[in-house]
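See structure below.
Reminder, nothing fancy here: chain letters follow the sequence lines and each chain counts from 1.
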Protein chains: 2
Amino acid sequence: MATLSDVARRAGVSPATASRVINGSSKPVTDELRERVLAAVAELQYVPNAHAQLLARSHRSAVGVIVHDVSDPYFAEITRGLQRVATDQGRLLMICNSYRDPDRELEYVELLRGHQVAALILAGSGYHDEAFTRQLNEKLAAYEATGGRVAVIGRHEHSGDAVMPDNRTGGYLAGRELCGLGHRAIGVVAGPRILTTTTDRLAGLRQALSEQGRELPERRIRYAEFDRDGGAEATARLLDADPELTAIVALNDSMAIGALATLRARGLAVPQQISVLGFDDMPIARDVTPALTTVRLPLVDMGVRAMSLVLGVGAPTPRVEVLPAELVRRDTAGFVPPSTRATAGSAPRARRGDSTS
Amino acid sequence: MATLSDVARRAGVSPATASRVINGSSKPVTDELRERVLAAVAELQYVPNAHAQLLARSHRSAVGVIVHDVSDPYFAEITRGLQRVATDQGRLLMICNSYRDPDRELEYVELLRGHQVAALILAGSGYHDEAFTRQLNEKLAAYEATGGRVAVIGRHEHSGDAVMPDNRTGGYLAGRELCGLGHRAIGVVAGPRILTTTTDRLAGLRQALSEQGRELPERRIRYAEFDRDGGAEATARLLDADPELTAIVALNDSMAIGALATLRARGLAVPQQISVLGFDDMPIARDVTPALTTVRLPLVDMGVRAMSLVLGVGAPTPRVEVLPAELVRRDTAGFVPPSTRATAGSAPRARRGDSTS
DNA sequence: TACCGCAGAGAAAGCCCTTTCCCGCAGGGA
DNA sequence: TCCCTGCGGGAAAGGGCTTTCTCTGCGGTA
């Protein structure tokens, strides 16, 4: 690879001058030399060594992001928000997938620190795992001690800046909706128990039910991977154990889609025979049939906020922003079917809101 | 940030020794010094500066990847394949989204070169744009001249290693299927014309039709963005211009999902009134209702192959691997409806293959 | 004419590591 | 006893860039 001194030699100038031309330094350079340097750059196809640059300038500019999996629509949306702000500010993003492996998460914190990122954003659920949480916080503290900024999206154990989706209220909304539709036998297709996202959403759901004097027994909950196949499988187990279920809450939309697949395979009509509620409102939710009733989280906005927090100067830290959840009624949740119904009205709830495009 | 000399000083050794301990060098170090160094590392929460390391070792290890958009399922699958191989070989991946902007693509080639990646993989369609193609090839050639390896996924203008999905045959399969079902009025929801992916798939489709003595007039093609909304919108335009259409081929699954949304909104039953064919077989294709009939491309495998090519030593370059397309029959393509039909049989084609796991 | 100031260019000192090269020392063979 | 060998450790030379500092030479002022 051509180096800066190659360019300088070819242009007949010193490396210092070449550097100044290439970086548009404020120090003036005569037009003649400038052109000679530029010509040399073009001829040699010179590209500065990014590592040497980052080493020489003390300036840190890139931002590190750790997510569970960018290709998961939930994180894809969040990342879109992160990107938007980062691009506006001319920041490079280094995105790492932890695939929900705590150890990998820890490793990535080190890796990103090693890469001298100016800030670190952790997106995704926290874990119910004391040892891990302590280790993570130690690492983050060490990073912050050297001037790094940290923000988390949706995990509550970290003491710094945070953007928090209101999972609990979201769960509550789901529960209230189903109660309002007369459902009593409600099953839950949940993500891994170790994730705080799972437990928070469950807690909200429980609260809604208990306000109606009902409860959510453990036997009506199945824990599985937070994805389509996990949802399909958990739904099958739920149905096997309790065929009387009139509604299923899936703790994210991917699982809900898996649930719909299982129900379709078993010939159960949604929402006539059984209702389904999702969570997150990922883009695909409106395109499945029937369109998914779900709890919306402002995913893109969560990313925007987090990046803004972390790049924002001045404002006293820590700041915690809670972003509200909102129920989106589409076509998968209807009144409890007549056979098991306690109240009047058997038609599935009319579709509202949402049109195509 | 603590540096290596901080660690060395604290441990009472030279930086050389500290480095050797930290990197597990082959040169032996006494246990006592080793422990002192390790202790210092822990106390100072030392993390090596990745840029300094990369500068000092001439070793290049990371691999650069340029895709249109990782969060697009098509690329997400490819990336999964890339990752798998990279992880096996202990390589770090730097992934960049070009968002189908040729200029950005060019910039990223430079950026990744600047970051000293050992290899570069360009995934995604090529462009019908001579100036761009020439510029890109120049940059890639300059990179290869300095020892960099390059592989492309699915663009045919580059002269080096390549993994090529058989888009043309895929288009052909789609056309033959629809002809076999008796369709004559076939509309196409296409991606941007400037992409070779679009034109290759169209060419295959045309070939299939012409073998049946039919043709595909331009008025039955609508070009739009290669995503859900593009598909929805193009379908609407197509239908407005030609309400007699009995089948729609969408040139990728995202567009097909958009097409289904528009059809649903207009109350057209799929496949009873109109058939829909997608392309790619992304994971969600089996979960929409009706499940999408589509042309499958081995996306993950494409990623695996590309990364293997680029990391593989010895084998003479260039190598071109063509990966076959395959028709997956699900529920959106049926016989042409009775009113416009030329041959017998009005029931939608029975669903085959695929179950919900 | 002598001196000052400044513009424009180069020399050189880092930035933080890795790795080669060299040195001192202890042990073994002659 | 002397020399050679080999081991463990340090000194120092990069790696490619940025940036401060220094130097030269010119124009302008007293």
Worksheet item: How is A:Leu54 classified with respect to the nucleic acid when contacts are heavy atoms under 4.0 Å: base, sugar-phosphate, or nothing?
Response: nothing
Discussion item. Nearest whole Å is fine: how far is C:dC16 C1' from B:Met1 CE?
Written reply: 10 Å
Worksheet entry | Note: A:Arg149-A:Glu144 ion pair, threshold 4.0 Å (strictly below) | no
Worksheet item: So which of A:Leu82, A:Leu120, A:Ile78 actually passes side-chain contact (heavy atoms from CB on, under 4.5 Å) with A:Val65?
Response: A:Leu82
Worksheet item: For nucleotides 17-23 of chain D, read 5' to 3', which letter fits each nucleotide if B means a protein heavy atom sits under 4.0 Å from the base, S means only the sugar-phosphate is that close, and - means neither?
Response: BBBBB--
Worksheet item: Heavy-atom contacts under 4.0 Å between residues 34-45 of chain B and DNA chain D, which residues?
Response: none
Worksheet item: So does B:Arg80 pair up with B:Glu77, basic N to acidic O under 4.0 Å?
Response: yes
Worksheet item: Is a salt bridge present between B:Arg155 and B:Glu105, judged by a nitrogen-to-oxygen distance below 4.0 Å?
Response: yes
Discussion item. Looking only at the side chains, is there a donor atom on one of B:Asn23 and B:Ser25 sitting less than 3.5 Å from an acceptor on the other?
Written reply: no
Practice prompt. Mind listing the closest non-hydrogen atom pair of A:Asp6 and A:Thr3 along with its distance?
Written response: OD2-N, 2.8 Å
Worksheet entry | Whole-Å distance separating the CD atom of B:Gln116 from the C1' atom of D:dG16 | 9 Å
Worksheet item: Bend angle of the helix from C:dT1-D:dA30 to C:dA30-D:dT1 from five-pair axes at both ends, rounded to 10°?
Response: 70°
Worksheet entry | For atom CG of B:Asp6 and atom C1' of C:dC17, their distance in whole Å | 13 Å
Worksheet item: Taking side chain as C-beta onward, heavy atoms only, is A:Ser125 less than 4.5 Å from A:His68?
Response: yes
Worksheet item: Do the side-chain N and O atoms of B:Tyr99 and B:Asn97 include a donor-acceptor pair separated by under 3.5 angstrom?
Response: yes
Worksheet item: Within this structure, what is the NE2-to-P distance between A:His115 and C:dC16, rounded to whole angstrom?
Response: 16 Å
Practice prompt. Find the distance B:His51:NE2 to C:dC15:P and express it as a whole number of Å.
Written response: 16 Å
Worksheet item: Taking side chain as C-beta onward, heavy atoms only, is B:Met1 less than 4.5 Å from B:Asn49?
Response: no
Worksheet item: Salt bridge or not for A:Glu130 and A:Arg134, using N-O below 4.0 Å?
Response: no
Worksheet entry | Salt-bridge criterion met for B:Asp301 and B:Arg305 (N-O under 4.0 Å) | yes
Worksheet item: Can you check the A:Leu55 CG to C:dA13 C1' distance for me, whole Å?
Response: 13 Å
